[in-house]
Engineer: 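My questions all concern the structure below.
All ligand and atom numbering here is 1-based and tracks the order in the structure.
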Amino acid sequence: MPLLVMKFGGTSVATLDRIRRAAKRVGREVANGYDVIVIVSAMAGKTNELVGWVEETSKFFDAREYDAVVSSGENVTAGLMALTLQEMDVAARSWQGWQVPLRTTSAHSAARIVEIPTDNISGRFADGMQVAVVAGFQGVSPEGRITTLGRGGSDTTAVAFAAAFGAERCDIYTDVDGVYTTDPRISSKARKLDRIAFEEMLELASLGAKVLQTRSVELAMRYGVRVRVLSSFEDNDENAGTIVCAEEDIVESRPVSGVAYSRDEAKMTLMSVADRPGIAAAIFGPLADAGVNVDMIVQNISEEGRTDMTFSCPVGDVARAERAMNEAKERGEINFSGLVADTDVCKVSVVGIGMRSQSGVAAQMFRALRDEGINIKVITTSEIKISVLIDRKYMELAVQALHDTFGLDRAA
Ligand code: ASP
Ligand code: MG
């Protein structure tokens, strides 16, 4: 029998009524002839509440007990979903992670999936079971302790099951009806994409579009799992949601697929550092050791052997970056005449696999910003992305202008 993975996020199982609605969708796929593996999140807000309880109980908590507590929200929804399906005369049962067993590393609260044996669940399907309901977000370590996969981890559970079982598709039901060309709260012209390539989704996910856990997209790309993101609040037809798939499966060939932003960025400049072999290592080594998440880097042309080095990082990392640089200076590893932090900047990026084959995208982006009188402070590019650092007060304007200039409000 063909197999489908259906994942329901917290808002889709927030109440018994919503669990019933989700179960009806599952029932429909069973009637269509599928074996279904359902992955559930905890009811909306539950995980936050559990995390709060742990933090209130113990300041320096034992990560193993954190996972024991925080994973429990999913156990409740898995059982309730199985019961709801049984009430609809669908043969269903629930599994907690350790029962599968979904084996992970022992990195508590950020564990990685190592293996999902399929024999246990497949055997039940062979015996007439129609739906396996699995608690998302959790697994079991080599030491036999309960682990969790990091916030948003049920997405990764779902994709991993789809890969392990060779599912036809992995449907992720959430509170938005798909992936958009940009944040609809910023541009009213944002449009839902029918398809997006894994790589584009990865860029958008890491740039702050919080639809899917980044790791789930990496996993989907590695194993070629077709993921569909769709709303559990709407009646979906064939074309509902957004399909995240391989580049080859996308016919649309516009250069840019989406505009992303990240609001809280900072730009730091080390002035007049000696331009000599090893200087970049001497600067970025201590920054890495201090846990500063460096993003863009620009080294200016040098004059008389001295140069300015500029980099960007999250605003929250500025204090740590300053300390690391001053300490490196005191140790005599680097020398600079000044350290300037600009904490009022943001990053705006255009992303698209079409850029690989179309030239002039950067020029078009820069013209659009010029026409709005927006000054660009730093630029970086990759094969499928161009990012600029600009003053934060122009963020909305820049996103809207770029969305317009690349015609993202219209279907290609
Ligand atoms: N319930 C967990 C969380 O909120 C996992 C998930 O829903 O994906 O992070
Ligand atoms: Mg989520």
Engineer: Quick test: of every protein heavy atom, which one is nearest to atom 6 (C) of ligand 1, and how far off is it to 0.1 Å?
Structural biologist: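 For atom 6 (C) of ligand 1, the nearest protein heavy atom comes out as S154 OG, 3.3 Å.
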
Engineer: Can you list the atoms of ligand 1 that are under 4.0 Å from a heavy atom of S41?
Structural biologist: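 Near S41, the atoms of ligand 1 are 6 (C), 7 (O), 8 (O).
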
Engineer: Pairs under 3.5 angstrom only: tabulate donor-acceptor contacts from the side chains of residues 80-91 to other protein residues two or more places apart or in another chain.
Structural biologist:
residue, atom, partner, partner atom, Å
T84, OG1, L80, O, 2.6
Q86, NE2, A92, O, 2.9

Engineer: Any sub-3.5 Å donor-acceptor pair from S154's side-chain atoms to T157's backbone N or O?
Structural biologist: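 No, because the side chain of S154 does not come within donor-acceptor range (under 3.5 Å) of the backbone of T157.
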
Engineer: Using heavy atoms and a 4.0 Å limit, tell me yes or no: is G73 in contact with ligand 1?
Structural biologist: no

Engineer: Under a heavy-atom criterion of less than 4.0 Å, does Q213 contact ligand 1?
Structural biologist: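 Flag not set, Q213 not near ligand 1.
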
Engineer: Counting each atom of ligand 1 from 1 as listed, which ones have a heavy atom of R151 under 4.0 Å away?
Structural biologist: 3 (C), 4 (O), 9 (O)

Engineer: Tell me whether G152 has any N or O atom under 3.5 angstrom from an N or O of ligand 1.
Structural biologist: yes

Engineer: Considering distance alone, does some N or O of K7 sit under 3.5 Å from an N or O of ligand 1?
Structural biologist: no

Engineer: Do D295 side-chain atoms and F311 backbone N/O form a donor-acceptor pair below 3.5 Å?
Structural biologist: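 Between the backbone of F311 and the side chain of D295 there is no qualifying donor-acceptor contact (under 3.5 Å).
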
Engineer: Could I get the full list of ring-ring contact (aromatic ring centres under 6.0 Å, His included) partners for Y66, not counting sequence neighbours?
Structural biologist: F61

Engineer: So, do V100 and F161 sit near enough that their side-chain heavy atoms are less than 4.5 Å apart?
Structural biologist: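 They are in contact (side-chain heavy atoms under 4.5 Å apart), so the answer is yes.
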
Engineer: Could you check whether any heavy atom of G136 sits closer than 4.0 Å to an atom of ligand 1, since that is the contact criterion I want to use?
Structural biologist: no

Engineer: Please identify which of these residues, T156, V225, L149, V244, meets the side-chain contact (heavy atoms from CB on, under 4.5 Å) condition with S216.
Structural biologist: T156

